[in-house]
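The analysis underlying the following values was restricted to heavy atoms, covering all of them including side chains, and did not include hydrogens, waters or symmetry mates. Each chain gets a letter, A, B and so on, in the order its sequence line appears, and its residues count up from 1.
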Number of protein chains: 2
Amino acid sequence: MTTIIDVAKAAGVSISTVSRVLNKSQHPVSQETRQKVLDAAATLYYSPSALARALITQDTHIIGIIVGDNQDPFFAAIVRGAEDVARALGFLVIVCNSDRQPDIILQYIQTLNEYRVDGILLAGGGLTDLDYVDKATRLLSMARRRNCAILSLGKQLHPGVLVSNDETLAAADAARYLIQLGHRRICYISGSDNITTTPLRLKGYCQALEEHDIPFNPDLVMAGDYTLQSAQAAARLILKLDQLPTAVLASTDQMAIGCLVALKSAGLSIPGDISIMGINNIEAASCSDPPLTTISLNMYEMGACGIKNLVKLRHGEIDNDFHYTIKHELIVRDSVAPPSG
Amino acid sequence: MTTIIDVAKAAGVSISTVSRVLNKSQHPVSQETRQKVLDAAATLYYSPSALARALITQDTHIIGIIVGDNQDPFFAAIVRGAEDVARALGFLVIVCNSDRQPDIILQYIQTLNEYRVDGILLAGGGLTDLDYVDKATRLLSMARRRNCAILSLGKQLHPGVLVSNDETLAAADAARYLIQLGHRRICYISGSDNITTTPLRLKGYCQALEEHDIPFNPDLVMAGDYTLQSAQAAARLILKLDQLPTAVLASTDQMAIGCLVALKSAGLSIPGDISIMGINNIEAASCSDPPLTTISLNMYEMGACGIKNLVKLRHGEIDNDFHYTIKHELIVRDSVAPPSG
DNA sequence: TTGTATGCGTTATCAG
DNA sequence: CTGATAACGCATACAA
């Protein structure tokens with residue numbers, strides 16, 4: 001590899017001069033020598049080592065983002081939003097799939113720290129596992145000491161800067177919409193217990209019911225785990241209820257779609273017999289048949305906003321207890337209608 | 001940050017000894033001092049700098065992967081496959097979205113090179129733009145000089161190691177399946193001209209027709225650009241044909257689904273009135289109504305296999321003209337049936 | 001305006 | 001078995 005020394009020799013100047021020219025430093029350099037340096041660098045195809053530079057500046061311009069699974073449209077949108085603004089800001093993004101496994105996450109945090117990344121974006125609802133929270137807190141605080149910016153997308157049980165939706169409000173708004181259409185017997189498909197957002201959304205569902213004096217019926221709450229399969233299982237349970245609900249609210253679009261497909265193949269018409277609504281507005285939501293009514297959480301913007309604030313945090317432009325909330329939006333499509341009869 | 005020097009002091013040994021212990025080097029170290037080092041490192045929460053190490057070893061253990069858009073299920077699967085084996089092999093993955101724009105790709109190649117990544121994975125069909133090919137070739141050859149492994153997933157116009165499908169065979173197998181069911185009037189939705197794989201697949205379609213003495217009819221070939229929208233446009237053209245085809249083969253699942261939705265909403269029954277088939281087997285293919293018959297290209301395995309061979313190439317275990325072909329597979333679902341009447 | 005020298009945190013090559 | 005010390009490639013405070 002040709003180094004800055006080679007360029008200096010070729011241009012007949014010192015390496016400091018080369019460094020100044022190539023880094024657009026404030027330090028004055030005569031037009032003449034500047035050109036000599038530029039020429040030499042060009043003809044030698046000089047490619048500066050970002051590693052060596054990072055070692056000195058303490059600035060890698062690399063950001064790590066830890067997601068559950070980049071194939072999940074939810075995370076894919078986050079990654080894309082993150083990568084887009086990262087690129088605009090001159091950062092590279094390392095994507096880490098954890099499958100939500102504590103040990104993988106911890107391992108990645110450690111590795112990213114060894115690479116001295118400028119920031120770590122924790123995407124997706126935090127884990128509730130106590131041992132994990134403890135270890136993560138310790139590891140992350142180590143990173144913070146070297147000014148590594150830590151930012152969470154979605155509530156985490158360890159402290160730190162946060163960009164998130166108002167999960168409770170989102171679920172409540174979804175339920176309210178169904179209620180306003182006249183639904184009173186609304187099934188809710190919840191998520192896994194080990195994710196922090198699960199109870200938040202459930203709370204929103206309950207709140208909406210309460211506002212309209214609809215008694216909470218535990219039989220109408222199905223446990224899910226954010227997979228299509230679990231939603232299909234939930235659908236089977238729904239079909240066994242002595243009285244069918246007039247609407248189903250799933251805590252994610254994926255599960256809403258899983259449920260929709262299962263109910264349809266059981267012979268029910270959507271939304272004729274039963275309305276279905278989700279939360280998230282993943283791309284598949286508009287492709288289902290019928291298209292899914294949902295609360296759009298705008299994950300792309302979450303990712304984008306996450307990186308933006310990550311960099312701000314790194315530069316000390318925002319505080320460590322900063323919290324930003326992304327607004328959600330109701331998307332009305334054909335999977336919901338007023339209850340029949 | 002605590003450095004190797006701090007650890008050495010705390011353990012009362014030299015930094016070389018610390019390095020040896022922590023790197024599990026072959027060099028002999030007494031059990032006693034080893035333990036002292038380990039203890040010191042632990043109590044100081046020592047985190048070795050991967051940057052400094054990389055500077056010396058010339059080994060960053062970072063791989064860059066350039067994709068069109070990580071939100072596209074096609075690329076998402078590649079990224080996941082790549083990341084999985086990268087992690088297993090001790091590598092980090094930098095994901096770069098290019099939106100297939102030549103200047104963004106070139107910019108990324110350059111940046112990745114500055115970070116001295118151990119390898120670059122070029123995912124997705126190569127661009128045909130001549131100026132791009134030229135510049136990319138030059139840039140990539142620079143990277144090769146420092147033993148950066150370059151591997152393409154899908155045919156590129158610049159030289160290098162390749163992992164790919166047999167695109168032509170895949171498209172031919174798709175068409176053959178339709179023909180064997182009795183279809184003779186088969187529409188083909190092609191892709192954009194600026195991607196190398198487009199003509200390869202078209203060729204497969206033609207081959208299959210020829211094998212069965214079905215004359216090639218240019219009116220039945222619609223131009224697409226791999227988007228849902230373009231597929232809907234193609235569907236409109238299909239509907240205007242004086243005689244409807246009995247089957248449609250789209251060169252990607254995304255377009256097949258777009259076409260399917262459009263034809264359905266125009267009142268046609270699938271596969272009753274018309275059969276539809278795609279290529280790729282993205283996840284959405286099994287969620288469409290009816291589920292899509294397709295040729296599975298196994299993009300996850302492409303990504304996984306890509307990284308595996310990238311690392312091999314880096315270690316000189318395979319040659320620079322290595323070529324591996326991933327086998328495809330026919331997935332029969334309900335969107336295809338024998339022609340009616 | 002230019003150059004010299006120090007240090008960033010390691011690994012690796014030598015001597016002991 | 002252990003320890004100096006020279007790289008790795010660069011940015012920067014300081015000197016000229």
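- Protein atom CZ of A:Arg146 is 16 Å distant from nucleotide atom P of C:dC8, rounded to whole Å.
- Between A:Gln58 atom CD and C:dG9 atom C1' there is a gap of 10 Å when expressed in whole angstrom units.
- For the pair A:Leu51 CG and D:dC8 C1', the interatomic distance rounds to 10 Å; values are reported in whole Å.
- In this structure, the side chain of A:Thr17 does not engage the main chain of A:Val13 through any donor-acceptor pair within 3.5 Å.
- Side chain A:Arg20 to base C:dG3: a donor-acceptor pair is found below 3.5 Å.
- Distance B:Ile5 CD1 to C:dC8 P: 7 Å, rounded to the nearest Å.
- Checking D:dA11, D:dT2, D:dC8 against the side-chain heavy atoms of B:Ile56 singles out D:dC8 as nearest.
- Regarding A:Tyr115, its OH atom lies at a distance of 22 Å from the P atom of C:dC8, rounded to whole Å.
- Counting any heavy atom pair closer than 4.0 Å across all strands shown, B:Ser47 reaches sugar-phosphate atoms only and no base atom.
- Judged by distance alone, the side chains of A:Tyr108 and A:Asn97 never bring a donor and an acceptor atom under 3.5 Å apart.
- For A:Ser19 and D:dT12, a side-chain-to-base donor-acceptor distance below 3.5 Å is absent, hydrogens and geometry of angles not being considered.
- Proximity of B:Ser49 to the phosphate of C:dG9: no side-chain N or O atom is located under 4.0 Å from OP1 or OP2.
- Evaluation of atom-type donor-acceptor distances gives a pair under 3.5 Å for the side chain of A:His27 against the base of C:dT2.
- Closest to the side chain of A:Thr3, from the set D:dC10, C:dT10, D:dA11, is D:dC10.
- Atoms CG (B:Leu22) and P (C:dA12) sit 13 Å apart, rounded to a whole Å.
- If you check the side chains of B:Gln107 and B:Asp103, you find no donor sitting under 3.5 Å from an acceptor.
- Nearest-nucleotide mapping onto DNA chain D: of A:Ala52 and B:Thr17, the residue sitting toward the 5' end is B:Thr17.
- Between the side chain of B:Asp59 and the main chain of B:Ala54, no donor-acceptor pair closer than 3.5 Å is present.
- The shortest distance between the side-chain N/O atoms of A:Ser30 and the OP1/OP2 oxygens of C:dT2 is below 4.0 Å.
- For D:dA4, its base sits under 3.5 Å from the side chain of B:Ser16 at one donor and acceptor pair at least.
- Rounded to an integer number of Å, the gap from B:Ile15 CD1 to C:dG7 C1' is 13 Å.
- Under the 3.5 Å distance criterion, with hydrogens and angles disregarded, a donor-acceptor pair is assigned to the side chains of B:Thr60 and B:Asp118.
- Atom CZ of B:Arg53 and atom C1' of C:dC8 are 16 Å apart (whole Å).
- Heavy atoms of B:Thr33 sit under 4.0 angstrom from primed sugar atoms or phosphate atoms, though from no base atom.
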